[in-house]
Amino acid sequence: QVQLVESGGGLVQAGGSLRLSCVASGRTFSTYTMVWFRQAPGKERGFVAAIRRSDDSTHYADSVKGRFTISRDNAKNTVYLQMNSLKPEDTAVYYCAAHSGSDYFGPYDYWGQGTQVTVSS
């Protein structure tokens with residue numbers, strides 16, 4: 001079993017930055033492709049960014065490309081999401097997820113509980 005715990009959310013003004021972290025329990029973190037999703041009120045959960053287990057290549061939703069950066073530190077069992085130039089429409093609960101495949105997308109084996117990001121205008 002792998003447990004994922006997100007942190008780093010909060011309230012920030014438009015144009016500001018936040019860095020989210022997702023720490024995984026267990027010894028097999030490096031074998032998982034890690035993905036960030038977000039869900040805004042009244043909307044479906046949507047893909048944000050992914051980093052592959054095999055080569056650390058990354059993929060982003062068009063809405064965050066150039067502003068967000070996903071990275072991982074396998075020694076710390078942690079995946080990060082650096083969010084710059086935040087906009088009010090980035091307001092959402094952000095979730096990390098893990099899957100054992102080498103593609104960017106699931107099915108997803110594990111999910112975190114989420115961390116709230118609120119961007120004020």
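Because only heavy atoms are used, hydrogens play no part in the values below, and waters and symmetry mates are left out as well, while side chains stay in. Not measured: the values here are computed from a predicted model.
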- [ ] Using the rule that two of Ile, Leu, Val, Met, Phe, Trp, Tyr join whenever any of their side-chain heavy atoms come within less than 4.5 Å, decide whether Tyr95 and Val64 are in one cluster.
- [x] no
TODO: Check whether any side-chain heavy atom of Gln82 lies under 4.5 Å from a side-chain heavy atom of Ser17, and answer yes or no.
DONE: yes
Task: Tyr60-Phe47 aromatic ring centre distance below 6.0 Å - done: no
TODO: Identify the two heavy atoms, one from Cys96 and one from Glu6, that lie closest to each other, and give their separation to 0.1 Å.
DONE: N-OE2, 2.8 Å
Task: Chi angles and distances behind the side chain to side chain contact (heavy atoms under 4.5 Å, CB included) call for Ser71, Met34 - done: CA-CA 9 Å; Ser71 62; Met34 300 300 297; over 6 Å; no
- [ ] Take atom CD of Gln3 as the centre, draw a 6.0 Å sphere, and report whether it contains more than 12 heavy atoms from other residues, nucleotides or ligands.
- [x] no
TODO: For Leu4 and Gln113, work out which heavy atoms get closest and say how close.
DONE: O-OE1, 3.5 Å
TODO: For residues Val2 and Tyr110, report the shortest heavy-atom separation together with the two atoms involved.
DONE: O-CD2, 3.2 Å
TODO: Using the side chain to side chain contact (heavy atoms under 4.5 Å, CB included) rule, take Val93 and Arg38 through it: C-alpha gap first, then chi angles, then the decisive distance, then the call.
DONE: CA-CA 5 Å; Val93 178; Arg38 66 186 180 186; over 6 Å; no
TODO: Indicate the atoms forming the closest heavy-atom contact of Ala14 with Pro88, along with that distance.
DONE: CB-CD, 4.1 Å
TODO: Measure across Val117 and Gly9 and return the closest heavy-atom pair with its distance rounded to 0.1 Å.
DONE: CG2-CA, 4.1 Å
Open item on the list: Name the residue from Asn84, Leu86, Leu18 that meets the side chain to side chain contact (heavy atoms under 4.5 Å, CB included) definition with Phe68.
Closed with: Leu86
Open item on the list: Please check this pair: side chain of Arg45 against backbone of Gln39, looking for a donor-acceptor N/O pair closer than 3.5 Å.
Closed with: no
- [ ] Would you check if the side chain of Thr58 reaches a backbone N or O of Ile70 as a donor-acceptor pair within less than 3.5 Å?
- [x] no
- [ ] Could you please spell out the steps behind the side chain to side chain donor-acceptor pair (under 3.5 Å) verdict for Asp73 and Thr78?
- [x] CA-CA 5 Å; Asp73 185 337; Thr78 302; over 6 Å; no
- [ ] Could you tell me whether the side chain of Ser100 reaches within less than 4.5 Å of the side chain of Asp109, counting heavy atoms only?
- [x] yes
Task: Ionic contact status for Asp55 with Arg52, cut-off 4.0 Å - done: yes
Open item on the list: Could you check, using the six-membered ring where one of them is a Trp, whether His99 and Phe105 have ring centers closer than 6.0 angstrom?
Closed with: no
- [ ] Decide whether Val35 and Tyr80 are clustered together by the hydrophobic rule: side chain heavy atoms of Ile, Leu, Val, Met, Phe, Trp, Tyr closer than 4.5 Å, transitively.
- [x] no
Open item on the list: Hydrophobic clustering (ILVMFWY, side-chain heavy atoms < 4.5 Å, transitive) - are Ile51 and Tyr104 grouped together?
Closed with: no
Open item on the list: Using salt bridge (charged side-chain N to carboxylate O under 4.0 Å, His left out), reason through Lys87 and Asp90 one step at a time and then give a plain yes or no.
Closed with: CA-CA 5 Å; Lys87 305 175 181 179; Asp90 294 319; over 6 Å; no
TODO: State whether Phe29 and Arg72 meet the cation-pi test: NZ (Lys) or CZ (Arg) under 6.0 Å from the six-membered ring centroid, and within 45° of the perpendicular axis.
DONE: yes
TODO: Could you tell me which non-hydrogen atom of Tyr94 sits nearest to which non-hydrogen atom of Leu81, and how far apart they are?
DONE: CD2-CD2, 4.1 Å
Task: Lys43 atom NZ, neighbour heavy-atom count above 12 within 6.0 Å - done: no
TODO: Tell me, please, which residues at least two apart from Phe37 pass ring-ring contact (aromatic ring centres under 6.0 Å, His included).
DONE: Tyr108, Trp111
- [ ] Report yes or no: is the cationic atom of Arg53 (NZ for Lys, CZ for Arg) under 6.0 Å from the centre of the six-membered ring of Tyr32, at an angle within 45° of the ring normal?
- [x] no
